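The analysis underlying the following values was restricted to heavy atoms, covering all of them including side chains, and did not include hydrogens, waters or symmetry mates. Small disclaimer: the values here were computed from a predicted structure and weren't measured.
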Amino acid sequence: MSTPNFIAITAATCPAVSRSSALEEMANFAQDCRQNGAVRVTFGSVISGRYPGALVFVQFFDDLQGFESVMNMIPQSSAYSRLLSEHAVTPFARNVFRGKPIAFEPKLEPTPKYLMLTRAHRRSLEEAVMLEMLNKTAPVFKSAGAQTMRMGQTITGSDLGTYMLGVTYPDMSAIERTYDALANSPEYGQLMNGLEIDMRSITKIAGIL
């Protein structure tokens, strides 16, 4: 699985009454982003964690020129305009991350249904050691049912320097199996001892383009 050089995650509030229609409109906006520099887009709504009900929009880029192209496109996007004016969507955070290498072969069939995002600070581990341990735990995620696994370090936005791990799953049972298996992984235990986790949320995926 190739490592995306850059990842942008945008979070937005949305009234419950317009969430379904907003998610449909996000599919149109995702198409705009794919046509203007994003190599993949995943979007959905948070069902557990710090901002339940919030909308999440994740874009992957080969370079920052692609991100710039999308930012330049947004003022001309009718889909984005409708998200704000007709569906009362209000973005409140946008972070850009530099991708970090994880050896993990993706499985996109069936289409992943859940995205778990975990944000952490390095407490005592050097980055190289952290990534080595994470790569050693990747097979545990894979065998338990995880479908994709990516990590990035925050370079713009809030919580600069923190790391975000994103893992997708086909169902909640796979999430449960993964964390049951990780409890018996020595590498995962060392990893957790060297990190400070300050956020974990689950997003129900509405679309991947």
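Using a distance-only test at 3.5 Å, with no hydrogens or angles considered, a donor-acceptor pair links the side chain of Arg50 to the main chain of Asp198. Within the 3.5 Å criterion, the main-chain N or O of Ala144 finds a donor-acceptor partner in the side chain of Arg177. Between the side chain of Arg123 and the main chain of Asn193, a donor-acceptor pair closer than 3.5 Å is present. Checked by atom type and distance alone, the side chain of Lys204 never pairs as donor or acceptor with a backbone atom of Ile47 at under 3.5 Å. A distance-only check finds a donor-acceptor pair linking the side chain of Asn95 to the backbone of Ser158 [under 3.5 Å]. For Thr178 (side chain) and Ala174 (main-chain N/O), a donor-acceptor pair under 3.5 Å exists by modelled atom type. A donor-acceptor pair under 3.5 Å is formed between the side chain of Arg19 and the backbone N or O of Gly53. With Asn135 contributing its side chain and Pro101 its backbone, the two residues share a donor-acceptor pair below 3.5 Å. A donor-acceptor distance shorter than 3.5 angstrom exists from the side chain of Thr154 to the backbone of Thr162, with no hydrogens or angles considered. In terms of modelled atom types and a separation under 3.5 Å, the side chain of Gln147 and the main chain of Pro110 share a donor-acceptor contact.
With contacts defined as side-chain heavy-atom distances shorter than 4.5 Å, the pair Tyr163/Arg119 does not qualify. Side chains of Glu127 and Gln153 form a contact here, defined as non-hydrogen atoms less than 4.5 Å apart. Considering only heavy atoms from C-beta on, Tyr80 stays 4.5 Å or farther from Cys33 through its side chain. Here the side chains of Met199 and Met164 are in contact, with some heavy-atom distance below 4.5 Å. Put simply, the side chain of Ile155 reaches to within 4.5 Å of the side chain of Phe6, judged on heavy atoms.
Under the 6.0 Å cut-off for aromatic ring centres, Phe29 and Phe43 do not qualify, their centroids lying 6.0 Å or more apart.
Annotation: side chain to side chain donor-acceptor pair (under 3.5 Å) contacts involving residues 22-33, sequence neighbours excluded, comprise Glu25-Asn28, Glu25-Arg82, Asp32-Ser77.
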- [ ] Apply side chain to side chain contact (heavy atoms under 4.5 Å, CB included) to Met151 and Leu131, showing your working.
- [x] CA-CA 9 Å; Met151 170 175 269; Leu131 291 175; 3.9 Å; yes

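When every heavy atom of Phe57 is checked against every heavy atom of Ala30, the shortest pair comes out as CZ-CA, 3.8 Å.
Shown here is Gln65, whose CD atom has no more than 12 heavy atoms of other residues, nucleotides or ligands within 6.0 Å. Other residues, nucleotides and ligands place no more than 12 heavy atoms under 6.0 Å from the NZ atom of Lys113.
A cation-pi geometry, defined here as NZ or CZ lying under 6.0 Å from the six-membered ring centre and within 45° of its normal, holds between Arg150 and Phe60.
Leu195 and Val167 end up in the same hydrophobic cluster when Ile, Leu, Val, Met, Phe, Trp and Tyr side chains are linked at under 4.5 Å. The cluster map of Ile, Leu, Val, Met, Phe, Trp and Tyr, joined by side-chain heavy atoms under 4.5 Å apart, puts Phe97 and Tyr51 in different clusters. Put simply, Val89 and Leu23 are part of the same group of oily side chains (I, L, V, M, F, W, Y) that touch within less than 4.5 Å, one to the next. Side-chain heavy atoms closer than 4.5 Å link hydrophobic residues (I, L, V, M, F, W, Y) into clusters, and following such links, even through other members, never connects Val56 to Tyr114.
Residues forming a side-chain hydrogen bond (donor to acceptor under 3.5 Å, both in side chains) with Thr168 (at least two apart in sequence, or on another chain): Thr148.
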